[in-house]
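One structure is given below, encoded as structure tokens.
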Amino acid sequence: MHLGPLPLESNLFLSPLAGYTNLPFRLVVRELGGVGLCTTDLVNARSLIEQREKAFKLIETRPADSPLAVQLFGSVPAEMREAALMVEARGAASVDINMGCPVKKVCKVGGGSAMMTELDKTTALVRSMVEAVKIPVTAKMRLGWDDDNLTAPDLARALEDAGVAAIFVHGRTREQGFGGTVNLAGIRKVVAAVKTIPVIGNGDIVTPQAAKKMLDETGCAGVSIGRGAFYDPWIFKRTLEYLKNCSRRREDPLGTSGEKTNGGLPPEPAFDERVRVMRRHLDLMIEVFGGELGCRMFRKVAPWYAKRFGPCHEFNKQVVHLGTREQFDDILENYSRWRRQFLDDQGELQPRFQPAPMVASFMRDPASTQREHIPVPKGPVEVW
Ligand SMILES: Cc1cc2nc3c(=O)[nH]c(=O)nc-3n(C[C@H](O)[C@H](O)[C@H](O)COP(=O)(O)O)c2cc1C
């Protein structure tokens, strides 16, 4: 797949998650494989122009973190243009414009989802960015402000005319926040509205099967994964493999070339692999943010890994006090010892302690006991 002239290794994208999609997390995801393009947290265009350290930290990168999209927000065309030129000069592969953020602070200044309501103004702003830089410019939006204003198809068409290389669309309205179901039919309308550029679907993809369903039912060219990657940074690799296995099966329905088990679905990572990657994530946090801040920031990251450990309250109770790498080793050692009581003779979690399977809102079976809702992280995030 391509974003304008930019070739990508897969059609799977890491969505921006403010506070989470920093350099260490992006490197973790890339090391595990399968992702085509990662995006930074949203960055305030004006803060970049004002040379604020915080904004530069958000776009910090290194060669292994490539290709990288930087997401900008703002509503002043000259500022957005200048910020786009700055990130281009620093080696970003593409620049994404945030049009989906429902946070008041962002909408109040005409950025985020407020941009979806002002077609002419938004198109002019985007056109001026496209004209300023050589790298692809993309836009990320929700389906609209609310159910009565599903503006995404019209906006996508107008932005295609203005020269964007792709549209990312979260299949919910601003009013929906993170509740309710991701609207696949709504995403399909955006796909139908544009003529030549790829549309990337987004929302609630927590399993490879959910990615396939969104691709199949919306006709989108790729999918972007946010919270699902936080539970499961392996999701890109597993999804890519699953999609390949599914298309192989279509070409060879009798499975004569050696059918994979479990419908072509690669297994979930084992506990030891989860721990290995979680350790690597912490090491990178310390490398990038320093020991004290890295450990403090990791206090909110580690519990996401733990959500797939089985019983984990002993781990979470201790990790909120994390201060050093050595302490983390102790926490893990204590936790692994405590966790043994839930294992069988083979060292696997007994079935009754296994976490419920993840399931996307648009694949939910109301009669099942599957996990109902993907939590939204705390902090500034509760307003996303
Ligand atoms: C904690 C958090 C932070 C987010 N930050 C951003 C952001 O900076 N820019 C953006 O466009 N969307 C942001 N989003 C929205 C996600 O990119 C994505 O569209 C949404 O979470 C739905 O996808 P998911 O179900 O795969 O997480 C954020 C969402 C969450 C939960």
Side-chain angles (χ1 to χ4, degrees), residues 12-22 25-26 29 35 37-45 47 54-55 58-59 69-74 94-103 105-107 111-116 138-144 152 166-174 176-184 186-187 190 199-208 210-211 213-214 220 222-233 235-236 239 297 300-301 303-304 307 358-364 371-384:
L12 307 177
F13 297 74
L14 175 66
S15 291
L17 295 173
Y20 295 88
T21 35
N22 45 35
F25 183 54
R26 298 193 305 266
V29 163
V35 72
L37 183 80
C38 292
T39 309
T40 62
D41 297 14
L42 88 173
V43 184
N44 184 332
S47 298
K54 259 193 174 163
L58 292 174
I59 62 168
V70 173
Q71 189 189 60
L72 296 176
F73 82 91
S94 69
V95 57
D96 184 50
I97 308 170
N98 179 303
M99 299 187 187
C101 174
V103 180
K105 194 171 79 179
V106 175
C107 292
S113 32
M115 288 180 111
M116 297 188 304
T138 62
K140 177 165 181 286
M141 59 185 70
R142 285 181 174 236
L143 287 179
I167 301 286
F168 292 81
V169 58
H170 177 188
R172 288 190 172 92
T173 60
R174 179 198 183 270
Q176 255 182 302
F178 283 88
T181 301
V182 166
N183 178 351
L184 296 186
I187 297 179
V190 180
V199 171
I200 315 300
N202 166 241
D204 284 5
I205 294 179
V206 282
T207 57
K213 187 173 170 77
M214 187 178 279
C220 61
V223 293
S224 188
I225 305 176
R227 289 165 299 163
F230 232 71
Y231 275 111
D232 178 10
I235 193 166
F236 300 99
T239 299
M297 288 170 78
K300 67 173 186 180
V301 175
W304 282 81
K307 285 181 201 297
M358 297 295 300
V359 66
S361 59
F362 52 87
M363 292 180 84
R364 237 169 249 157
R371 186 186 276 274
E372 283 279 301
H373 180 65
I374 320 176
V376 177
K378 293 196 198 89
V381 197
E382 72 226 350
V383 281
W384 268 99

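When a residue number appears, it is its place in the shown sequence, counting from 1. Whatever order the structure lists them in is the order used to number ligands and atoms, beginning at 1.
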Heavy-atom contact check, 4.0 Å cutoff: does F230 meet ligand 1?
no
May I ask you to check if ligand 1 and G226 share an N or O to N or O distance below 3.5 Å?
yes
Side-chain heavy atoms of Q176 within contact of N183, under 4.5 Å:
no
Nearest 0.5 Å, please: how far is CG in L37 from OG in S94?
5.0 Å
Does ligand 1 come near enough to R227 that some N or O of the ligand is less than 3.5 Å from an N or O of the residue?
yes
Side chain, backbone, both or neither: the part of N98 lying under 4.0 Å from ligand 1 by heavy atom:
side chain
State the atoms of ligand 1, each with its element, that fall below the 4.0 Å cut-off from a heavy-atom position in S15.
17 (O)
Is there a nitrogen or oxygen of F178 sitting under 3.5 Å from a nitrogen or oxygen of ligand 1?
no
Under 3.5 Å between some N or O of ligand 1 and some N or O of D41?
no
Non-hydrogen atom of G19 closer than 4.0 Å to ligand 1:
no
N/O of A18 under 3.5 Å from N/O of ligand 1, yes or no?
yes
Under 3.5 Å between some N or O of ligand 1 and some N or O of K140?
yes
Using a 4.5 Å cut-off on heavy atoms from C-beta on, say whether the side chain of D41 contacts that of Q71.
no
Backbone or side-chain N or O of G228 under 3.5 Å from ligand 1 N or O:
no
Mind checking whether D204 has an N or O less than 3.5 Å away from an N or O of ligand 1?
yes
Side chain or backbone of N202 under 4.0 Å from ligand 1, or both, or neither, by non-hydrogen atoms?
side chain
In terms of the angle between their ring planes, are W304 and F230 parallel, tilted or perpendicular, with boundaries placed at 30° and 60°?
perpendicular
